[in-house]
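Quantities reported herein were computed from a predicted structural model and do not represent experimental measurements.
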Amino acid sequence: MSPLTPSIVYDLESKKTFAEVGGPDKMDQLGVSFLGLYSYTQNKFFSFFERDLPKLELILQAEKPTIIGFNSIHFDNTVLQPYFKTLKISELPQVDILADIYRTLGFRMKLESVAQATLGEGKSGTGLDAIRYYREGNLEALAKYCLDDVRITRDVYEYGYKHGYILYTS
């Protein structure tokens, strides 16, 4: 399925918690430990550690894909932007599942709630697990966790694209 071409689904994991940077208004200071990405054009998952983000910026500048995510406009884009020298990620076309949920229902929810109800499967952990994996140097677990979230986000998006709705637990 190639709903919007070129399109990518992405998710990132931060190096720090909100408490460590002084609150959610300082998201741009969280740092990126890992970014997982699914490319519809290539039908393939990609991994980017912090050192690889300049390469990602070049790819995004060249392809100008539609970005699909879950809370990507509010969180992921804000955390990622400091790594880009010229690209303003907010200027790329965006599909943010959580933003659509909020516009429709008037409240926010976790990807876990949507994934359980829509796909019948949950996430493999939490963002705090990802920070712990990073700090322990367990980069394999970090990558697996993030790429699982990318796959779940992609599958939720595709379900919604195909059926015109997604489900959630209340």
* To do: Going by the side chain to side chain donor-acceptor pair (under 3.5 Å) test, name the single residue among Asn77, Asp76, Thr153 that passes it with Tyr10.
  => Asn77
* So if you build clusters from Ile, Leu, Val, Met, Phe, Trp, Tyr with side-chain heavy-atom gaps below 4.5 Å, do Met27 and Ile89 land together? -> yes
* **Under-4.0 Å salt bridge between Glu140 and Lys144** => no
* Establish, yes or no, whether a centroid distance under 6.0 Å links the rings of Tyr133 and Phe34. => no
* **With Tyr102 via ring pair (Phe, Tyr, Trp, His ring centres under 6.0 Å) - residues at least two apart** => none
* To do: Show the numbers, then the answer: is there a side chain to side chain contact (heavy atoms under 4.5 Å, CB included) between Leu35 and Leu80?
  => CA-CA 9 Å; Leu35 185 144; Leu80 182 58; 3.9 Å; yes
* To do: Consider only side-chain heavy atoms of I, L, V, M, F, W and Y, link residues closer than 4.5 Å, and tell whether Phe75 and Leu53 are in one cluster.
  => yes
* Return the set of residues passing side chain to side chain donor-acceptor pair (under 3.5 Å) with Arg51 (not counting sequence neighbours), or none when no residue passes. => none
* **Side-chain donor-acceptor pair present, Glu50, Ser33, cut-off under 3.5 Å** => no
* Is the centre of the Tyr38 ring less than 6.0 Å from the centre of the Tyr40 ring? -> yes
* **ring pair (Phe, Tyr, Trp, His ring centres under 6.0 Å) between Phe70 and Tyr157, worked out** => CA-CA 9 Å; Phe70 193 93; Tyr157 172 77; over 10 Å; no
* Co-membership, hydrophobic cluster, residues Tyr159 and Val150, 4.5 Å side-chain -> yes
* Looking at Glu63 and Pro6, what are the two nearest heavy atoms and their distance? -> O-CG, 3.6 Å
* If you measure from CG on Asp11 to CG on Leu111, what distance do you get to the nearest 0.5 Å? -> 8.0 Å
* Asked: What do the steps show when you test Asp149 against Lys123 for salt bridge (Lys or Arg N to Asp or Glu O under 4.0 Å), and what is the final call?
  -> CA-CA 7 Å; Asp149 272 7; Lys123 291 170 36 97; 2.7 Å; yes
